[in-house]
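Quick notes on the structure that follows.
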Amino acid sequence: MSEQSNFPWGPATGVGSMPGGDARETAKTVTGSLIGADGSSGDFPHLAELPARGPGADMIGRTIGLLVEMYGHVEPSGWRVSDRPGRDTRRARSWLGEDLDALEEFTQEYTGPLKVQAVGPWTLAAALELRGGELSLGDPGACRDLAGSLAEGLRDHLADVRRRVPGAQLVLQLDEPSLTSVLRGQIRTASGYRTHRAVDRQVVEAALRDVVAVHDGPVVVHSCAPDVPFALLRRAGAAGVSFDFSLLTERDDEQIGEAAESGTKLFAGVVPGTDGPLSDPAGSVMGVRTLWRRLGLNPGTLSESVVITPACGMAGASPAYARAALAHCVRAARSLADNPE
(Lines give C-alpha, C1' and ligand atoms only; values in the text may rest on other atoms or scores of the structure.)
Protein backbone atom coordinates (compact mmCIF):
# COMPACT_ATOMS: atom_id res chain seq x y z
CA MET A 1 0.00 0.00 0.00
CA SER A 2 2.91 2.35 0.65
CA GLU A 3 3.77 2.49 -3.04
CA GLN A 4 0.27 3.75 -3.72
CA SER A 5 0.04 6.29 -0.89
CA ASN A 6 1.33 9.01 -3.21
CA PHE A 7 -0.81 7.99 -6.16
CA PRO A 8 -2.69 11.04 -7.52
CA TRP A 9 -6.20 9.76 -6.91
CA GLY A 10 -8.88 12.09 -8.22
CA PRO A 11 -11.71 13.12 -5.90
CA ALA A 12 -14.52 11.63 -8.02
CA THR A 13 -15.02 9.20 -10.88
CA GLY A 14 -17.62 7.01 -12.58
CA VAL A 15 -18.20 3.32 -11.93
CA GLY A 16 -18.21 2.03 -15.51
CA SER A 17 -21.33 1.81 -17.63
CA MET A 18 -23.05 4.79 -19.23
CA PRO A 19 -26.31 5.10 -21.19
CA GLY A 20 -26.65 5.18 -24.96
CA GLY A 21 -24.51 3.77 -27.72
CA ASP A 22 -22.37 6.64 -29.01
CA ALA A 23 -18.77 6.04 -27.90
CA ARG A 24 -17.52 9.45 -28.94
CA GLU A 25 -20.31 11.39 -27.24
CA THR A 26 -19.86 9.32 -24.08
CA ALA A 27 -16.10 9.87 -23.97
CA LYS A 28 -16.74 13.59 -24.39
CA THR A 29 -19.22 13.54 -21.49
CA VAL A 30 -16.94 11.56 -19.18
CA THR A 31 -13.83 13.60 -19.83
CA GLY A 32 -15.77 16.87 -19.80
CA SER A 33 -17.28 16.00 -16.41
CA LEU A 34 -14.24 14.44 -14.76
CA ILE A 35 -11.26 16.36 -16.13
CA GLY A 36 -11.09 19.85 -14.64
CA ALA A 37 -10.22 22.51 -17.21
CA ASP A 38 -7.82 24.15 -14.77
CA GLY A 39 -7.16 21.14 -12.57
CA SER A 40 -9.13 22.75 -9.73
CA SER A 41 -11.72 19.99 -9.57
CA GLY A 42 -9.19 17.20 -9.86
CA ASP A 43 -9.08 14.60 -12.59
CA PHE A 44 -10.24 10.98 -12.64
CA PRO A 45 -11.92 9.94 -15.92
CA HIS A 46 -12.77 6.33 -16.76
CA LEU A 47 -13.19 4.22 -19.87
CA ALA A 48 -16.97 3.96 -20.20
CA GLU A 49 -18.93 0.85 -21.13
CA LEU A 50 -22.09 1.13 -23.27
CA PRO A 51 -24.11 -2.06 -22.74
CA ALA A 52 -27.16 -0.66 -24.58
CA ARG A 53 -25.39 -1.61 -27.83
CA GLY A 54 -26.10 -5.27 -27.08
CA PRO A 55 -24.21 -8.49 -26.28
CA GLY A 56 -20.49 -7.86 -26.38
CA ALA A 57 -20.87 -4.33 -25.03
CA ASP A 58 -22.14 -5.65 -21.67
CA MET A 59 -19.52 -6.02 -18.96
CA ILE A 60 -19.40 -9.82 -19.22
CA GLY A 61 -19.12 -9.77 -23.02
CA ARG A 62 -16.47 -7.05 -23.02
CA THR A 63 -14.35 -9.00 -20.56
CA ILE A 64 -14.75 -12.23 -22.55
CA GLY A 65 -13.42 -10.29 -25.51
CA LEU A 66 -10.24 -9.61 -23.49
CA LEU A 67 -9.53 -13.27 -22.69
CA VAL A 68 -6.44 -14.93 -24.15
CA GLU A 69 -7.00 -18.28 -25.91
CA MET A 70 -10.54 -18.48 -24.53
CA TYR A 71 -13.63 -17.38 -26.43
CA GLY A 72 -17.34 -17.07 -25.91
CA HIS A 73 -20.61 -16.77 -27.77
CA VAL A 74 -24.13 -15.81 -26.78
CA GLU A 75 -26.78 -18.43 -26.06
CA PRO A 76 -30.35 -17.68 -24.87
CA SER A 77 -29.13 -18.44 -21.34
CA GLY A 78 -26.10 -16.14 -21.55
CA TRP A 79 -22.44 -16.31 -22.55
CA ARG A 80 -20.95 -19.75 -23.23
CA VAL A 81 -17.40 -20.95 -23.94
CA SER A 82 -16.52 -21.40 -27.63
CA ASP A 83 -13.74 -23.30 -29.39
CA ARG A 84 -12.79 -20.32 -31.53
CA PRO A 85 -13.54 -16.60 -31.78
CA GLY A 86 -16.88 -16.07 -33.47
CA ARG A 87 -19.12 -13.14 -34.29
CA ASP A 88 -19.90 -12.29 -30.65
CA THR A 89 -16.25 -12.20 -29.58
CA ARG A 90 -15.30 -10.12 -32.61
CA ARG A 91 -18.15 -7.70 -31.88
CA ALA A 92 -16.99 -7.30 -28.27
CA ARG A 93 -13.46 -6.52 -29.40
CA SER A 94 -14.66 -4.10 -32.07
CA TRP A 95 -16.78 -2.12 -29.60
CA LEU A 96 -13.93 -1.97 -27.11
CA GLY A 97 -11.73 -0.63 -29.90
CA GLU A 98 -14.33 2.08 -30.66
CA ASP A 99 -14.46 3.06 -27.00
CA LEU A 100 -10.67 3.24 -26.77
CA ASP A 101 -10.45 5.32 -29.95
CA ALA A 102 -12.95 7.79 -28.51
CA LEU A 103 -11.20 7.96 -25.14
CA GLU A 104 -7.86 8.51 -26.85
CA GLU A 105 -9.30 11.42 -28.82
CA PHE A 106 -10.47 13.24 -25.70
CA THR A 107 -7.43 12.54 -23.49
CA GLN A 108 -4.69 14.01 -25.66
CA GLU A 109 -1.90 15.33 -23.38
CA TYR A 110 -3.77 14.03 -20.31
CA THR A 111 -1.43 13.14 -17.44
CA GLY A 112 -3.66 12.19 -14.48
CA PRO A 113 -5.25 8.98 -13.21
CA LEU A 114 -7.41 7.01 -15.63
CA LYS A 115 -9.59 4.04 -14.66
CA VAL A 116 -10.42 1.03 -16.82
CA GLN A 117 -12.83 -1.73 -15.77
CA ALA A 118 -13.12 -5.47 -16.35
CA VAL A 119 -15.14 -8.20 -14.68
CA GLY A 120 -13.21 -10.03 -11.98
CA PRO A 121 -12.52 -13.78 -12.10
CA TRP A 122 -15.33 -14.87 -9.76
CA THR A 123 -18.18 -12.87 -11.25
CA LEU A 124 -16.94 -14.04 -14.65
CA ALA A 125 -16.96 -17.68 -13.49
CA ALA A 126 -20.49 -17.16 -12.16
CA ALA A 127 -21.65 -15.90 -15.58
CA LEU A 128 -19.76 -17.85 -18.26
CA GLU A 129 -21.17 -21.26 -19.12
CA LEU A 130 -19.05 -24.23 -20.11
CA ARG A 131 -19.89 -26.14 -23.31
CA GLY A 132 -22.42 -28.33 -21.52
CA GLY A 133 -24.35 -25.36 -20.18
CA GLU A 134 -23.20 -25.43 -16.54
CA LEU A 135 -21.37 -22.44 -15.12
CA SER A 136 -17.58 -22.33 -14.98
CA LEU A 137 -17.98 -21.74 -11.25
CA GLY A 138 -18.79 -25.43 -10.68
CA ASP A 139 -15.46 -26.60 -12.17
CA PRO A 140 -12.33 -25.65 -10.18
CA GLY A 141 -10.09 -26.31 -13.18
CA ALA A 142 -12.23 -24.07 -15.39
CA CYS A 143 -12.05 -21.34 -12.74
CA ARG A 144 -8.25 -21.54 -12.70
CA ASP A 145 -8.06 -21.44 -16.50
CA LEU A 146 -10.44 -18.51 -16.63
CA ALA A 147 -8.47 -16.51 -14.06
CA GLY A 148 -5.22 -17.21 -15.94
CA SER A 149 -6.70 -16.19 -19.29
CA LEU A 150 -8.17 -13.05 -17.74
CA ALA A 151 -4.82 -12.08 -16.22
CA GLU A 152 -3.07 -12.39 -19.59
CA GLY A 153 -5.83 -10.47 -21.35
CA LEU A 154 -5.73 -7.65 -18.81
CA ARG A 155 -1.98 -7.36 -19.18
CA ASP A 156 -2.41 -6.84 -22.94
CA HIS A 157 -5.35 -4.46 -22.45
CA LEU A 158 -3.48 -2.27 -19.98
CA ALA A 159 -0.50 -2.10 -22.33
CA ASP A 160 -2.82 -0.97 -25.14
CA VAL A 161 -4.34 1.78 -22.98
CA ARG A 162 -0.85 2.95 -21.98
CA ARG A 163 0.12 3.27 -25.65
CA ARG A 164 -3.02 5.27 -26.40
CA VAL A 165 -2.87 7.58 -23.37
CA PRO A 166 0.84 7.55 -22.49
CA GLY A 167 0.62 10.25 -19.82
CA ALA A 168 -2.13 8.54 -17.84
CA GLN A 169 -1.58 6.72 -14.57
CA LEU A 170 -3.79 3.68 -14.87
CA VAL A 171 -6.15 2.31 -12.26
CA LEU A 172 -7.62 -1.13 -12.91
CA GLN A 173 -11.11 -1.81 -11.55
CA LEU A 174 -12.29 -5.39 -11.22
CA ASP A 175 -16.08 -5.66 -11.12
CA GLU A 176 -17.12 -8.39 -8.67
CA PRO A 177 -20.85 -7.95 -7.94
CA SER A 178 -21.30 -11.75 -7.58
CA LEU A 179 -18.39 -12.22 -5.17
CA THR A 180 -20.41 -12.35 -1.95
CA SER A 181 -22.82 -14.85 -3.51
CA VAL A 182 -19.88 -17.00 -4.63
CA LEU A 183 -18.49 -17.01 -1.10
CA ARG A 184 -21.88 -17.92 0.38
CA GLY A 185 -22.89 -20.61 -2.11
CA GLN A 186 -25.82 -18.59 -3.48
CA ILE A 187 -25.14 -18.85 -7.24
CA ARG A 188 -27.82 -21.01 -8.86
CA THR A 189 -26.99 -23.93 -11.14
CA ALA A 190 -28.27 -24.09 -14.72
CA SER A 191 -31.39 -25.98 -13.63
CA GLY A 192 -32.21 -23.33 -11.06
CA TYR A 193 -33.05 -26.00 -8.47
CA ARG A 194 -29.72 -26.04 -6.68
CA THR A 195 -26.92 -23.64 -5.88
CA HIS A 196 -23.20 -24.07 -6.43
CA ARG A 197 -21.37 -24.85 -3.25
CA ALA A 198 -19.51 -21.97 -1.61
CA VAL A 199 -15.96 -21.51 -2.89
CA ASP A 200 -13.29 -21.62 -0.20
CA ARG A 201 -12.25 -18.09 0.82
CA GLN A 202 -8.56 -18.88 0.40
CA VAL A 203 -9.17 -20.07 -3.17
CA VAL A 204 -11.16 -16.91 -3.92
CA GLU A 205 -8.48 -14.71 -2.43
CA ALA A 206 -5.64 -16.47 -4.27
CA ALA A 207 -7.31 -16.09 -7.68
CA LEU A 208 -8.03 -12.43 -7.04
CA ARG A 209 -4.45 -11.87 -5.91
CA ASP A 210 -3.12 -13.41 -9.13
CA VAL A 211 -5.31 -11.14 -11.28
CA VAL A 212 -4.55 -8.04 -9.19
CA ALA A 213 -0.84 -8.74 -9.63
CA VAL A 214 -0.91 -8.19 -13.40
CA HIS A 215 -1.13 -4.42 -12.89
CA ASP A 216 1.82 -2.51 -11.54
CA GLY A 217 -0.49 0.32 -10.45
CA PRO A 218 -3.45 0.39 -8.09
CA VAL A 219 -6.35 -2.03 -8.46
CA VAL A 220 -9.85 -1.28 -7.17
CA VAL A 221 -12.51 -3.95 -6.69
CA HIS A 222 -16.12 -2.86 -7.21
CA SER A 223 -19.27 -4.51 -5.90
CA CYS A 224 -22.70 -2.89 -5.68
CA ALA A 225 -24.01 -5.88 -3.67
CA PRO A 226 -24.48 -5.92 0.13
CA ASP A 227 -21.82 -7.32 2.49
CA VAL A 228 -18.72 -6.52 0.45
CA PRO A 229 -15.82 -8.59 1.87
CA PHE A 230 -13.49 -5.63 2.51
CA ALA A 231 -10.89 -7.58 4.49
CA LEU A 232 -10.58 -10.35 1.88
CA LEU A 233 -10.16 -7.77 -0.89
CA ARG A 234 -7.46 -5.95 1.04
CA ARG A 235 -5.56 -9.20 1.60
CA ALA A 236 -5.82 -9.93 -2.12
CA GLY A 237 -3.97 -6.69 -2.83
CA ALA A 238 -6.78 -4.27 -3.68
CA ALA A 239 -5.68 -0.67 -3.19
CA GLY A 240 -9.31 0.44 -3.16
CA VAL A 241 -12.82 -0.91 -2.74
CA SER A 242 -15.80 0.55 -4.61
CA PHE A 243 -19.27 0.02 -3.13
CA ASP A 244 -22.85 1.27 -2.90
CA PHE A 245 -22.74 3.41 0.23
CA SER A 246 -26.49 3.01 0.85
CA LEU A 247 -26.03 -0.75 1.42
CA LEU A 248 -23.60 -0.35 4.32
CA THR A 249 -24.78 -1.35 7.78
CA GLU A 250 -23.10 -0.97 11.16
CA ARG A 251 -21.88 -4.56 10.71
CA ASP A 252 -19.48 -3.13 8.12
CA ASP A 253 -18.04 -0.49 10.48
CA GLU A 254 -15.07 -2.49 11.71
CA GLN A 255 -13.98 -3.53 8.21
CA ILE A 256 -14.44 0.01 6.88
CA GLY A 257 -12.44 1.47 9.75
CA GLU A 258 -9.61 -1.01 9.29
CA ALA A 259 -9.57 -0.36 5.54
CA ALA A 260 -9.42 3.41 6.01
CA GLU A 261 -6.67 3.20 8.63
CA SER A 262 -4.59 0.88 6.43
CA GLY A 263 -4.69 3.35 3.53
CA THR A 264 -7.24 1.51 1.38
CA LYS A 265 -9.07 3.97 -0.86
CA LEU A 266 -12.83 3.90 -0.35
CA PHE A 267 -14.88 4.55 -3.49
CA ALA A 268 -18.15 5.62 -1.91
CA GLY A 269 -21.13 5.29 -4.23
CA VAL A 270 -23.37 8.02 -2.86
CA VAL A 271 -25.07 9.37 -6.01
CA PRO A 272 -28.00 7.31 -7.39
CA GLY A 273 -27.21 5.52 -10.65
CA THR A 274 -30.67 6.03 -12.16
CA ASP A 275 -32.72 9.13 -12.83
CA GLY A 276 -34.04 10.96 -9.81
CA PRO A 277 -33.64 14.21 -7.94
CA LEU A 278 -30.10 15.03 -6.84
CA SER A 279 -29.71 16.51 -3.38
CA ASP A 280 -27.31 19.35 -2.76
CA PRO A 281 -23.66 18.19 -2.95
CA ALA A 282 -23.12 18.53 0.81
CA GLY A 283 -26.22 16.43 1.45
CA SER A 284 -24.92 13.65 -0.80
CA VAL A 285 -21.85 13.14 1.40
CA MET A 286 -23.52 13.72 4.78
CA GLY A 287 -23.60 9.97 5.40
CA VAL A 288 -19.86 9.70 4.73
CA ARG A 289 -19.16 12.41 7.33
CA THR A 290 -21.47 10.64 9.80
CA LEU A 291 -19.70 7.32 9.24
CA TRP A 292 -16.31 8.95 9.83
CA ARG A 293 -17.49 10.42 13.14
CA ARG A 294 -18.99 7.08 14.20
CA LEU A 295 -15.70 5.34 13.49
CA GLY A 296 -13.72 7.97 15.40
CA LEU A 297 -11.56 8.73 12.39
CA ASN A 298 -9.86 12.07 11.81
CA PRO A 299 -12.14 14.23 9.61
CA GLY A 300 -9.03 15.72 8.02
CA THR A 301 -8.32 12.36 6.35
CA LEU A 302 -11.71 12.17 4.62
CA SER A 303 -10.77 13.66 1.28
CA GLU A 304 -7.55 11.62 1.23
CA SER A 305 -9.42 8.38 1.94
CA VAL A 306 -12.59 8.68 -0.14
CA VAL A 307 -13.38 8.92 -3.86
CA ILE A 308 -16.99 9.88 -4.64
CA THR A 309 -18.83 7.87 -7.32
CA PRO A 310 -22.33 6.93 -8.43
CA ALA A 311 -23.79 4.01 -6.48
CA CYS A 312 -23.36 1.69 -9.47
CA GLY A 313 -23.11 1.83 -13.25
CA MET A 314 -25.44 4.23 -15.05
CA ALA A 315 -26.53 2.17 -18.05
CA GLY A 316 -30.16 2.58 -16.98
CA ALA A 317 -30.00 6.35 -16.62
CA SER A 318 -30.84 8.98 -19.21
CA PRO A 319 -27.83 10.67 -20.88
CA ALA A 320 -28.77 13.99 -19.29
CA TYR A 321 -28.97 12.46 -15.82
CA ALA A 322 -25.68 10.56 -16.25
CA ARG A 323 -23.92 13.80 -17.21
CA ALA A 324 -25.47 15.61 -14.23
CA ALA A 325 -24.61 12.76 -11.85
CA LEU A 326 -20.91 12.78 -12.77
CA ALA A 327 -20.75 16.55 -12.31
CA HIS A 328 -22.59 16.15 -9.00
CA CYS A 329 -19.99 13.60 -7.82
CA VAL A 330 -17.24 16.16 -8.44
CA ARG A 331 -19.11 18.88 -6.51
CA ALA A 332 -19.90 16.47 -3.65
CA ALA A 333 -16.23 15.50 -3.39
CA ARG A 334 -15.26 19.16 -3.27
CA SER A 335 -17.80 19.69 -0.46
CA LEU A 336 -16.23 16.81 1.46
CA ALA A 337 -12.74 18.31 1.05
CA ASP A 338 -13.84 21.84 1.96
CA ASN A 339 -16.00 20.89 4.93
CA PRO A 340 -14.92 17.48 6.28
CA GLU A 341 -16.82 18.03 9.56
Shortest non-hydrogen contact from [X] toward [Y]:
| X | Y | value |
| --- | --- | --- |
| Ala27 | Phe106 | CB-CD1, 3.9 Å |
| Ser136 | Leu130 | OG-CD2, 3.6 Å |
| Val228 | Phe243 | CG2-CB, 4.2 Å |
| Phe44 | Tyr110 | N-OH, 4.0 Å |
| Gly72 | Asp88 | O-CB, 4.2 Å |
| Pro218 | Leu170 | CD-O, 3.8 Å |

N-O pairing of Glu205 and Arg209 below 4.0 Å: yes
Note: Arg334-Asp338 ion pair, threshold 4.0 Å (strictly below): no
Trace of the side-chain contact (heavy atoms from CB on, under 4.5 Å) decision for His73 with Thr89: CA-CA 7 Å; His73 67 277; Thr89 300; over 6 Å; no
Using a cut-off of 6.0 Å, state whether more than 12 heavy atoms not belonging to [X] lie near its atom [atom1].
| X | atom1 | answer |
| --- | --- | --- |
| Arg294 | CZ | yes |
| Glu69 | CD | no |
| Arg289 | CZ | yes |
| Glu254 | CD | no |

Is a side-chain N or O of [X] found less than 3.5 angstrom from the main chain of [Y], in a donor-acceptor match?
| X | Y | answer |
| --- | --- | --- |
| Gln255 | Phe230 | yes |
| His46 | Leu34 | no |
| Gln186 | Val182 | no |
| Asp275 | Ser318 | yes |
| Lys28 | Ala102 | no |
| Ser94 | Arg90 | no |
| Ser17 | Met314 | yes |
| Ser33 | Val30 | no |
| Ser284 | Val271 | no |
| Arg84 | Tyr71 | no |

Can you confirm whether [X] sits close enough to [Y] that some side-chain heavy atom of one is under 4.5 Å from a side-chain heavy atom of the other?
| X | Y | answer |
| --- | --- | --- |
| Leu179 | Pro229 | yes |
| Thr63 | Thr123 | no |
| Phe245 | Val306 | no |
| Leu154 | Leu174 | yes |
| Arg184 | Thr195 | no |
| Trp292 | Asn298 | no |
| Arg251 | Asp227 | yes |
| Asp252 | Thr249 | yes |

Spacing of [X] atom [atom1] and [Y] atom [atom2] [to the nearest 0.5 Å]:
| X | Y | atom1 | atom2 | value |
| --- | --- | --- | --- | --- |
| Lys115 | His222 | NZ | NE2 | 8.5 Å |
| Leu135 | Leu124 | CG | CG | 10.5 Å |
| Asp253 | Glu258 | CG | CD | 11.0 Å |
| Asp175 | Met59 | CG | CE | 5.5 Å |
| Leu326 | Thr29 | CG | OG1 | 8.0 Å |
| Ile64 | Arg80 | CD1 | CZ | 12.0 Å |

Does [X] belong to the same Ile/Leu/Val/Met/Phe/Trp/Tyr cluster as [Y], with side-chain heavy atoms less than 4.5 Å apart forming each link?
| X | Y | result |
| --- | --- | --- |
| Leu67 | Leu158 | yes |
| Met18 | Val330 | yes |
| Val116 | Val211 | yes |
| Leu233 | Leu248 | yes |
| Leu295 | Ile308 | yes |

side-chain contact (heavy atoms from CB on, under 4.5 Å) between Glu176 and Leu208, intermediate numbers included: CA-CA 10 Å; Glu176 282 284 13; Leu208 279 168; 3.7 Å; yes
Among Leu47, Leu172, Val214, side-chain contact (heavy atoms from CB on, under 4.5 Å) partner for His157: Leu47
With Ser242, the side-chain contact (heavy atoms from CB on, under 4.5 Å) member among Thr13, Val221, Val220: Val220
side-chain contact (heavy atoms from CB on, under 4.5 Å) between Arg155 and Val68, intermediate numbers included: CA-CA 10 Å; Arg155 190 175 284 115; Val68 172; over 6 Å; no
Side-chain donor-acceptor pair present, Ser77, Glu129, cut-off under 3.5 Å: yes
From CA spacing to verdict: side-chain contact (heavy atoms from CB on, under 4.5 Å), Glu105, Thr31: CA-CA 10 Å; Glu105 177 183 351; Thr31 55; over 6 Å; no
